[in-house]
**Q** 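A single structure is presented below for examination.
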Amino acid sequence: MTTRSIAVILAAAALFAAATPASAADQTLPAGGASILMWTPEQQAWGYRNMEKVAPVRVIARGETVHPLPLAPAMIDPTFTAGGKTYDTASYMAAFRASGVLVLKDGKIVLERYGLGRGPNDRWTSFSVAKSVTSTLIGAAIKDGKIKSLDDPVTLYIPELKGSAYEGVTVRQLITMTSGVKWNEDYTDPNSDVAKVGLSVIEPGVNPVVSYMRRLPREAPPGTKFVYKTGETDLAGILLSNAVGEPLAQYLSEKIWKPYGMEQDGVWVEDIAGHERGGCCISMTLRDYARFGQFVLDGGRAGGKDVLPAGWIADATSPHVKEPPYGYFWWLIPGGYEGEGIFGQTVSVFPKEHIVVVINSAWPGAWVESIDAVRMKYLDAIRAAAK
């Protein structure tokens with residue numbers, strides 16, 4: 001199993017430790033926390049589009065205007081073959097439980113489909129796609145002068161980490177997961193770090209994630225070793241909110257949601273301390289996922305202003321880690337880059353072709369390599385058809 005397979009599996013379980021059905025009528029959702037990883041297909045289809053009913057959230061407020069997504073003169077319906085089977089969009093969605101597929105070419109919709117009972121106004125959880133949003137907001141904070149440099153020490157923004165293994169770690173190393181701090185992301189081990197981080201208040205008045213992370217030892221010099229660390233993505237969110245002096249959902253609303261023109265409010269799931277998870281679980285509509293992808297593709301402009309520093313997107317989506325190819329919480333793929341979340345959530349951007357592809361799903365497992373291999377072939381077929 002790869003690092004991206006592990007991604008946020010136990011973090012997701014911890015996140016929903018107190019989750020219960022919204023009402024007696026919502027019997028599609030089981031009680032209990034880790035059960036989110038074992039929801040039935042019916043429970044996934046309901047729960048992924050109703051996360052605000054099963055976990056505490058902050059609202060990401062939309063503005064008064066909506067960024068248009070006009071229909072292109074002609075739609076596409078790519079076909080491809082994988083594993084000896086031929087698929088079109090309808091059969092792909094049916095086979096791999098996609099709730100939505102949307103493709104933009106030059107900012108225009110060339111494909112938009114829905115499934116699993118979802119419609120255009122229904123949100124769907126992103127899981128770890130939220131990481132890519134968090135790193136983008138860090139770019140906005142640099143543009144705003146709230147974070148002076150990616151080479152600043154993490155302890156400048158989270159002073160509680162002074163004297164810990166994070167002493168000497170930079171913001172850049174945090175958002176490339178190369179801190180050198182020792183971490184166990186083994187989701188099969190109940191004593192692993194990912195199984196325990198942020199689940200209890202260790203020190204009153206200190207965020208539980210920070211309390212846990214500052215007790216970890218160092219295993220490598222900063223900047224020399226990549227290890228996927230779910231806890232560090234939440235640290236990045238705490239660093240960001242400390243730097244800007246406001247909740248992440250509010251900052252996201254101010255910098256992107258309102259000025260770019262998202263169509264619906266989004267929601268961002270909170271941890272046990274009432275802080276949005278920097279690494280997980282923003283919910284938005286299919287079209288708003290596409291708008292976020294288009295915002296990034298266009299270099300980070302909203303409301304006629306540059307939200308991000310010059311060159312930020314190119315830097316954020318460059319291979320700061322060679323193996324696996326990884327940027328600032330963005331995975332690099334042939335021809336582009338993407339945000340990825342468990343159970344089949346992806347926002348893929350292909351800059352040279354001016355294409356954005358959003359796929360939301362309810363896969364039978366957190367990360368299924370065989371399904372992802374088919375998804376990659378589907379992306380190739382989409383790119384060929386859109387050209």
**Q** Rounded to the nearest 0.5 Å, what separation is found between the CG atom of Leu216 and the OG atom of Ser164?
**A** 8.5 Å
**Q** Atom CZ of Arg287 and atom CD1 of Ile109: how far apart are they, to the nearest 0.5 Å?
**A**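 Going from CZ on Arg287 over to CD1 on Ile109, the span is 5.0 Å.
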**Q** Take Tyr212 and Ser200 through the test side-chain hydrogen bond (donor to acceptor under 3.5 Å, both in side chains) and record every step on the way to the result.
**A** CA-CA 9 Å; Tyr212 188 89; Ser200 60; over 6 Å; no
**Q** For Trp268 and Thr134, run side chain to side chain contact (heavy atoms under 4.5 Å, CB included): C-alpha distance rounded to whole Å, both residues' side-chain angles, the deciding distance at 0.1 Å, then the answer.
**A** CA-CA 11 Å; Trp268 200 332; Thr134 295; 3.7 Å; yes
**Q** Let me confirm one number: the CG-CG distance from Leu286 to Leu69, rounded to the nearest 0.5 Å.
**A**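 Output value for this atom pair is 10.0 Å.
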**Q** Treating Ile, Leu, Val, Met, Phe, Trp and Tyr as nodes and any side-chain heavy-atom pair under 4.5 angstrom as an edge, say whether Val209 and Val201 lie in one connected cluster.
**A** no
**Q** What class does the angle between the rings of Tyr87 and Tyr92 fall in, given that below 30° is parallel, 30 to 60° is tilted and above 60° is perpendicular?
**A**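 Geometry flag for Tyr92 against Tyr87: perpendicular rings.
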**Q** Please determine if Arg58 and Glu270 form a salt bridge, counting it only when a charged side-chain N lies under 4.0 Å from a carboxylate O.
**A** yes
**Q** Give me the atom names and distance for the closest heavy-atom approach of Val349 to Gly293.
**A** CG2-O, 4.0 Å
**Q** Under a plain distance cut-off of 3.5 Å, with no hydrogens placed, do Glu232 and Ser179 share a side-chain donor-acceptor pair?
**A**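 The criterion, which ignores hydrogens and geometry beyond distance, is satisfied for Glu232 and Ser179.
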**Q** Between Tyr251 and Asp144, is there a side-chain donor-acceptor contact under 3.5 Å, judged purely by atom types and distance?
**A** yes
**Q** My understanding is that only one of Trp124, Tyr289, Trp363, Tyr48 makes a side-chain hydrogen bond (donor to acceptor under 3.5 Å, both in side chains) with Gln345; could you say which?
**A**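 With Gln345 as partner, side-chain hydrogen bond (donor to acceptor under 3.5 Å, both in side chains) holds for just one option, Trp124.
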**Q** So if I apply the side-chain contact (heavy atoms from CB on, under 4.5 Å) rule between Ile256 and each of Leu137, Val133, Ile60, which one comes out positive?
**A** Leu137
**Q** Indicate yes or no: at least one non-hydrogen side-chain atom of Asp306 is less than 4.5 angstrom from one of Trp312.
**A**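 No - every pair of side-chain heavy atoms lies 4.5 Å or more apart.
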**Q** Compute whether any side-chain donor of one residue and acceptor of the other, for Ser91 and Asp88, lie under 3.5 angstrom apart.
**A**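 Looking only at side-chain atoms, Asp88 and Ser91 do form a donor-acceptor pair, the distance falling under 3.5 Å.
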**Q** What I'd like to find out is whether the side chain of Arg215 reaches to under 4.5 Å of the side chain of Ile202, using heavy atoms alone.
**A** yes
**Q** Are any of the side-chain heavy atoms of Lys143 and Leu308 separated by less than 4.5 Å?
**A**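 A side-chain contact is absent here, since even the closest heavy-atom pair is not under 4.5 Å.
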**Q** Tyr378 and Pro78: which non-hydrogen atoms are nearest, and at how many Å?
**A**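 Looking at all heavy atoms of both residues, the closest pair is CE1-CG, 3.9 Å.
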**Q** Does Lys255 reach the main-chain N or O of Ala302 with its side chain, forming a donor-acceptor pair under 3.5 Å?
**A** no
**Q** Please confirm whether the backbone N or O of Val101 pairs with a side-chain atom of Arg113, one donor and one acceptor, at under 3.5 Å?
**A**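 No: the side chain of Arg113 does not pair with the backbone of Val101.
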**Q** With side chain to side chain contact (heavy atoms under 4.5 Å, CB included) as the test, would you mind laying out the steps for Tyr157 and Ile238 before giving the verdict?
**A** CA-CA 9 Å; Tyr157 304 97; Ile238 293 164; over 6 Å; no
**Q** Going by heavy atoms in the side chains, are Val171 and Ile142 under 4.5 Å from each other?
**A**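 When only atoms from C-beta onward are counted, Ile142 and Val171 do not touch, as no gap falls below 4.5 Å.
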**Q** Distance-only, no hydrogens or angles: does the Asn50 side chain make a donor-acceptor pair with backbone N or O of Trp46 under 3.5 Å?
**A**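 Indeed, once roles are kept as given, a pair shorter than 3.5 Å links the two residues.
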**Q** Under a single-linkage definition using a 4.5 Å side-chain heavy-atom cutoff for Ile, Leu, Val, Met, Phe, Trp and Tyr, are Val356 and Val66 assigned to the same hydrophobic cluster?
**A**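 Different clusters: Val356 never reaches Val66 through Ile, Leu, Val, Met, Phe, Trp or Tyr contacts under 4.5 Å.
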**Q** Under 3.5 Å, is there a donor-acceptor pair between the side chain of Ser126 and the main chain of Ile282?
**A**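 Yes, because the side chain of Ser126 sits within donor-acceptor range (under 3.5 Å) of the backbone of Ile282.
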**Q** With rounding to the nearest 0.5 angstrom, report the NE2 to CG distance, His320 to Leu150.
**A** 8.0 Å
**Q** Is it the case that the ring center of Tyr337 lies less than 6.0 angstrom away from the ring center of Trp331?
**A** no
**Q** Give me the one residue out of Ser361, Pro41, Ser99 that meets side-chain contact (heavy atoms from CB on, under 4.5 Å) with Leu116.
**A**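 Result: among Ser361, Pro41, Ser99, Ser99 is the only option passing the side-chain contact (heavy atoms from CB on, under 4.5 Å) with Leu116.
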**Q** For the backbone of Gly279 and the side chain of Lys131, can you confirm whether one donor and one acceptor N or O come within less than 3.5 Å of each other?
**A**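 The answer is yes, because a donor-acceptor pair under 3.5 Å joins these two groups.
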**Q** Scan side-chain atoms only and decide if Glu203 and Ser211 contain a donor-acceptor pair under the 3.5 Å cut-off.
**A** yes
**Q** Output the distance between atom CG (Leu239) and atom CD1 (Ile138), rounded to the nearest 0.5 Å.
**A** 6.0 Å
**Q** Please determine which of Val57, Leu248, Val269, Val267 meets the side-chain contact (heavy atoms from CB on, under 4.5 Å) test together with Glu276.
**A** Leu248
**Q** Using every non-hydrogen atom in the two residues, find where Pro309 and Gly139 come nearest and quote the distance to one decimal.
**A**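 The answer is CD-O, 3.1 Å.
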**Q** Without swapping roles, check the side chain of Arg291 against the backbone of Tyr260 for a donor-acceptor pair under 3.5 Å.
**A** no
**Q** Any donor and acceptor pair, going by atom type alone, linking the side chain of Gln250 with main-chain N or O of Pro247 inside 3.5 Å?
**A**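 Pair absent, no side-chain N/O of Gln250 close to backbone of Pro247.
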**Q** Output, in order, the C-alpha distance, side-chain angles, deciding distance and verdict of side chain to side chain contact (heavy atoms under 4.5 Å, CB included) for Asp265 and Arg123.
**A** CA-CA 9 Å; Asp265 291 345; Arg123 290 185 288 257; 4.1 Å; yes
**Q** Quick one: do Glu160 and Arg214 satisfy salt bridge (charged side-chain N to carboxylate O under 4.0 Å, His left out)? Show the steps, please.
**A** CA-CA 8 Å; Glu160 296 92 337; Arg214 69 181 183 177; over 6 Å; no
**Q** Are the side chain of Glu167 and the backbone N or O of Gly163 linked by a donor-acceptor pair below 3.5 Å?
**A**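 Yes.
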**Q** Dump the intermediate steps for side chain to side chain contact (heavy atoms under 4.5 Å, CB included) on Ile272 and Leu199, then the final yes or no.
**A** CA-CA 7 Å; Ile272 64 169; Leu199 288 182; 5.8 Å; no
**Q** Mind checking whether Val368 and Phe96 have side chains closer than 4.5 Å, heavy atoms only?
**A**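 SC-SC contact between Val368 and Phe96 ruled out.
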**Q** Leu235 and Val206: same hydrophobic cluster, using ILVMFWY side-chain contacts below 4.5 Å?
**A** yes
**Q** If I compare all heavy atoms of Ala130 with all of Cys280, which pair ends up nearest, and what's the gap?
**A** CB-C, 3.6 Å
**Q** Tell me whether the rings of Phe226 and Tyr228 are parallel (<30°), tilted (30 to 60°) or perpendicular (>60°).
**A** perpendicular
**Q** Measuring from atom OG1 of Thr65 to atom NZ of Lys258, what distance do you get when rounded to the nearest 0.5 angstrom?
**A** 11.0 Å
**Q** On a heavy-atom basis, which atom in Ala61 and which in Ser253 lie closest, and how many Å separate them?
**A** O-OG, 2.7 Å
**Q** Do Asp271 and Arg277 meet the salt-bridge criterion of a basic N to acidic O distance under 4.0 Å?
**A**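 Salt bridge between Arg277 and Asp271, a charged N being under 4.0 Å from a carboxylate O: no.
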**Q** Answer whether the closest heavy-atom distance between the side chains of Asp122 and Tyr114 falls below 4.5 Å.
**A** no
**Q** Using only atom types and a distance under 3.5 Å, with no angle test, would you say the side chain of Ser241 pairs donor to acceptor with the backbone of Gly237?
**A**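 Yes.
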**Q** Let me check something: do Val321 and Val181 share a hydrophobic cluster, defined by ILVMFWY side-chain heavy atoms less than 4.5 Å apart, either directly or through other members?
**A** yes
**Q** Taking the side chain as every heavy atom from C-beta outward, state whether Arg375 and Val357 have any pair of such atoms under 4.5 Å apart.
**A**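 No. Closest side-chain heavy atoms not under 4.5 Å.
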**Q** Does the side chain of Gln264 pick up a donor-acceptor pair with the side chain of Asp288 at under 3.5 Å?
**A** no
**Q** For Met177 and Phe329, work out which heavy atoms get closest and say how close.
**A**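 Of all heavy-atom pairs spanning Met177 and Phe329, the closest is CE-CE2, 4.0 Å.
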**Q** Is there a side-chain contact between Phe350 and Ile333 (heavy atoms, below 4.5 Å)?
**A** yes
**Q** For Ser348, does its backbone N or O pair with a side-chain atom of Thr346 as donor and acceptor, under 3.5 Å?
**A**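 Flag not set: sc Thr346 to bb Ser348 has no pair under 3.5 Å.
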